[in-house]
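Keep in mind that the numbers below use all heavy atoms, side chains included, and drop hydrogens, waters and symmetry copies. No experiment lies behind these values; they were computed from the predicted model shown.
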Amino acid sequence: MCSREDKGFLDSHLVALKDILLNSAGATLAASKKSRMKCLSQIASKVTEKEEFLTTILPEVILCTKEINEETRASAYQLLVDLADTFVSSGGSKENSIAEYFALVLAGLAGGSPHMLSATILALGRLVYEFESVLSHDLIEKLLESMTVFLTSKSREVVKSTLGFLKVTVHV
């Protein structure tokens, strides 16, 4: 429905589709999450109140980076990057906009579950990889300081994600 060639459908039903997708987040089956990520991507590119929409869907997108289905994970990672691009294009300097977007993603580190922490760390790693040329040294330093705390976590899932993040950051 969201990937139809007829973009007029999406434009004419944007508000209804947005409301349906936002209200059905908790009832989504694992098999439909890939398609859901693609729909959210199409809607994110069209919606006018980008920051409000982005903050609403970001936790779900971050959690989808840990899905079992590889295509769902790939769609979630691509949506993370697309949302960052959309956020940057909405105004301001690219460096400041990326820093604001990273701050929104960093909020996921406040989530108490190891699964959410791990997903957020993986999401941050992908974003560092994608936007390495735009990131300030202060932001990278702040991210590295935040990650060192998670190296001592009792959760293997969190430590593994943190090591992956550090590997990406050192490579970049």
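Within the 4.5 Å cutoff, no side-chain heavy atoms of L106 are placed close to those of T120. A heavy-atom distance below 4.5 Å is not found between the side chains of T169 and Y129. With a 4.5 Å cut-off on side-chain heavy atoms, L83 and I57 count as touching. Residues L163 and L151 meet the side-chain proximity criterion, which asks for heavy atoms closer than 4.5 Å. Residues S161 and V158 fail the side-chain proximity criterion, which asks for heavy atoms closer than 4.5 Å. Looking at P59 and I62, their side chains never come closer than 4.5 Å, going by heavy atoms from C-beta outward. Contact check for T86 versus L54: no side-chain heavy atoms found under the 4.5 Å cut-off. The shortest side-chain heavy-atom distance between I98 and F87 does not fall under the 4.5 Å cut-off.
Of the possible donor and acceptor atoms, none in the side chain of R73 sits under 3.5 Å from a partner among the backbone N and O of C64. Judged by distance alone, with hydrogens and angles left aside, the side-chain atoms of S97 form no donor-acceptor pair with the main-chain N or O of K94 at under 3.5 Å.
Between L79 and M37 the shortest heavy-atom distance is CD2-O, 3.7 Å. Shortest non-hydrogen contact noted between G108 and M116 is O-CG, 3.7 Å. A pairwise comparison of heavy atoms in A123 and L80 identifies CB-CD1, 3.4 Å as the closest pair. Taking each heavy atom of A99 and L139 in turn, the nearest pair found is CA-CD2, 4.2 Å. Counting all heavy atoms, side chain and backbone alike, T162 lies closest to M147 at CG2-O, 3.3 Å. Nearest heavy atom pair, residue V61 against residue A76, reads CG1-O, 3.5 Å.
The CD atom of E130 lies 11.0 Å from the CG atom of L135; values are rounded to the nearest 0.5 Å. To the nearest 0.5 Å, atoms NZ (K160) and CG (L122) are separated by 9.0 Å. In this structure, CZ on R126 lies 9.5 Å from CZ on F131, to the nearest 0.5 angstrom. Note that the CD atom of E60 and the CG atom of L63 stand 8.5 Å from one another [nearest 0.5 Å].
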Could you walk me through whether F102 and L127 pass the side chain to side chain contact (heavy atoms under 4.5 Å, CB included) test, one step at a time? CA-CA 8 Å; F102 267 78; L127 292 170; 3.4 Å; yes

Could you go through the side chain to side chain contact (heavy atoms under 4.5 Å, CB included) check for V128 and F165 one step at a time? CA-CA 9 Å; V128 166; F165 175 85; 3.8 Å; yes

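L144 and V105 fall within a single hydrophobic cluster, where Ile, Leu, Val, Met, Phe, Trp and Tyr are joined by side-chain heavy atoms under 4.5 Å apart, directly or via other members.
Residues D82 and Q78 have side chains that bring a donor and an acceptor to within less than 3.5 angstrom of each other. Under the 3.5 Å distance criterion, with hydrogens and angles disregarded, a donor-acceptor pair is assigned to the side chains of K66 and S118.
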